[in-house]
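Shown next, in C-alpha cells, is the structure this report addresses.
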Amino acid sequence: MDVDFIFKVAAVGIIVAVLNLVLTRAGREEQAMMTTLAGLIVVLMMIISKINDLFLTVKSVFGL
Amino acid sequence: MIGILLVAAVLIVVLRRNSPEQAFALTVACLCVVGIALLEQTSQLLERISAFSYLPNGEFLQAAVKAVGLSILTQTASDTCSDFGQSALAGKIELAGKLAILAVAMPLFDTLLEMIQRMLE
C-alpha cells in the first residue's frame with residue numbers, strides 16, 4: 001500500500017494547477033497551457049508503470 | 001485503507017476545480033494503488049478456493065475465477081470512465097469485458113450441451 005505514490009501524484013497535480021493559475025494571471029496563457037501539458041505528461045509517465053503493475057497483479061492472482 | 005482513500009478523494013475534489021485532468025490522473029493512481037493492495041490480500045483466499053478443485057468438475061472453477069478477475073478489471077475501468085463523463089467509453093469497456101468473460105466461459109457451454117445430449121438419448 002504505497003501511500004507516498006498517491007501523495008506524489010497529488011503534489012505534482014497541485015503544483016501544476018497553481019502554476020497554471022499564476023501564469024494565466026500573469027497574462028501568459030500559452031505558457032500556462034504548456035505547463036499544464038508538461039505536468040500531465042510527468043504524472044502520466046508515473047502512472048503508466050503503476051497501471052502495468054496492477055495488470056500484472058491481476059494476471060497473476062486470477063491466472064488470466 | 002479507508003482513510004487513505006478519503007484523503008485522496010478530498011485531493012481529487014480540490015484538483016477537479018482547477019485542473020480536471022490532474023484529478024483524473026490522481027483517480028487512476030489511487031485505483032492502481034488500492035487495486036494492487038487488495039488483490040495481494042485476496043490471492044491467499046483464491047488459493048484456498050482453488051484447493052477445492054479436486055472435485056470432479058474442477059476446471060470449471062478456473063473459468064469462474066478468471067471471470068471474476070475480468071469483471072473486476074472491467075468494472076473498475078468503466079466506472080472510472082463514467083466518473084469523468086465518458087459514458088460512451090464506459091459502455092464500450094463493459095462490452096469488451098462481457099465478450100472476454102463469454103470467451104472464458106465457452107468450454108462450460110460445451111460440456112453443458114454434451115450433458116443435455118446424453119440425457120436426451
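In what follows, chains carry the letters A, B, and so on, assigned in the order in which the sequence lines appear, proteins first and then strands, with residues in each chain numbered from 1.
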Checklist entry - Could you walk me through whether B/E21 and A/T36 pass the side chain to side chain contact (heavy atoms under 4.5 Å, CB included) check? => result CA-CA 9 Å; B/E21 66 277 2; A/T36 315; 2.8 Å; yes

Checklist outcome for this item: Test side chain to side chain contact (heavy atoms under 4.5 Å, CB included), reference A/V61, set B/V68, B/L38, B/T42, B/L45, output is B/T42

Checklist entry - Between atom CG of B/L31 and atom NZ of A/K50, what is the distance when rounded to the nearest 0.5 Å? => result 13.0 Å

Next on the checklist: Need one label for B/I72: side chain, backbone, both or neither, based on atoms under 4.5 Å from any heavy atom in chain A.
Outcome noted: side chain

Checklist entry - Between B/L15 and A/V3, is there a shared hydrophobic cluster once you connect ILVMFWY residues whose side-chain heavy atoms come closer than 4.5 Å? => result yes

Checklist entry - B/V104 versus chain A, heavy atoms under 4.5 Å apart: side chain, backbone, both or neither? => result neither

Checklist entry - Taking all non-hydrogen atoms of both residues, which atom of B/V65 and which atom of A/F62 are closest, and how far apart? => result O-CD2, 3.5 Å

Next on the checklist: According to a hydrophobic-cluster definition based on side-chain heavy atoms being under 4.5 Å apart (Ile, Leu, Val, Met, Phe, Trp, Tyr only), do B/V13 and B/F24 belong together?
Outcome noted: no

Next on the checklist: If hydrophobic clusters are built by linking Ile, Leu, Val, Met, Phe, Trp and Tyr wherever their side-chain heavy atoms come under 4.5 Å apart, do B/V14 and B/I4 end up in the same one?
Outcome noted: no

Item to check | Closest approach of B/G69 to A/V58 (non-hydrogen atoms, all atoms of both residues) | outcome: O-CG1, 4.5 Å

Next on the checklist: Can you tell me which of B/N18, B/L11, B/V33 forms the most heavy-atom pairs within a distance under 4.5 Å of chain A?
Outcome noted: B/V33

Next on the checklist: Using heavy-atom distances under 4.5 Å, tell me whether B/I36 contacts chain A through its side chain, its backbone, both, or neither.
Outcome noted: both

Item to check | Per-residue contact mode, B/L26 against chain A (heavy atom under 4.5 angstrom) | outcome: both

Item to check | Path from A/L40 to A/M46 over hydrophobic side-chain contacts below 4.5 Å | outcome: no

Checklist entry - Where does B/L39 contact chain A at under 4.5 Å (heavy atoms): side chain, backbone, both or neither? => result both

Checklist outcome for this item: For residues 11-23 of chain A against chain B, heavy atoms under 4.5 Å, the residues are A/G13, A/I14, A/V16, A/A17, A/L21

Checklist outcome for this item: Applied to residues 6-46 of chain A, the ring pair (Phe, Tyr, Trp, His ring centres under 6.0 Å) test, sequence neighbours excluded, yields none

Checklist entry - What part of A/V43 lies closer than 4.5 angstrom to a heavy atom of chain B: side chain, backbone, both or neither? => result side chain

Item to check | Max heavy-atom pair count under 4.5 Å with chain B, selected residue of A/L44, A/T57, A/I6 | outcome: A/I6

Checklist entry - What are the two closest non-hydrogen atoms of A/V9 and B/A29, and how far apart are they? => result CG2-CB, 4.1 Å

Next on the checklist: Does B/I2, at its CD1 atom, have more than 12 non-hydrogen atoms belonging to other residues, nucleotides or ligands within less than 6.0 Å?
Outcome noted: no

Checklist entry - Are A/I47 and B/L5 connected in a single hydrophobic cluster, I mean Ile/Leu/Val/Met/Phe/Trp/Tyr linked by side-chain heavy atoms less than 4.5 Å apart? => result yes

Checklist entry - For A/M45, does the CE atom have more than 12 heavy-atom neighbours from other residues, nucleotides or ligands under 6.0 Å away? => result no

Checklist entry - Using a cut-off of under 4.5 Å for heavy-atom pairs, which of B/A23, B/C30, B/A8, B/A67 has the most such pairs with chain A? => result B/C30

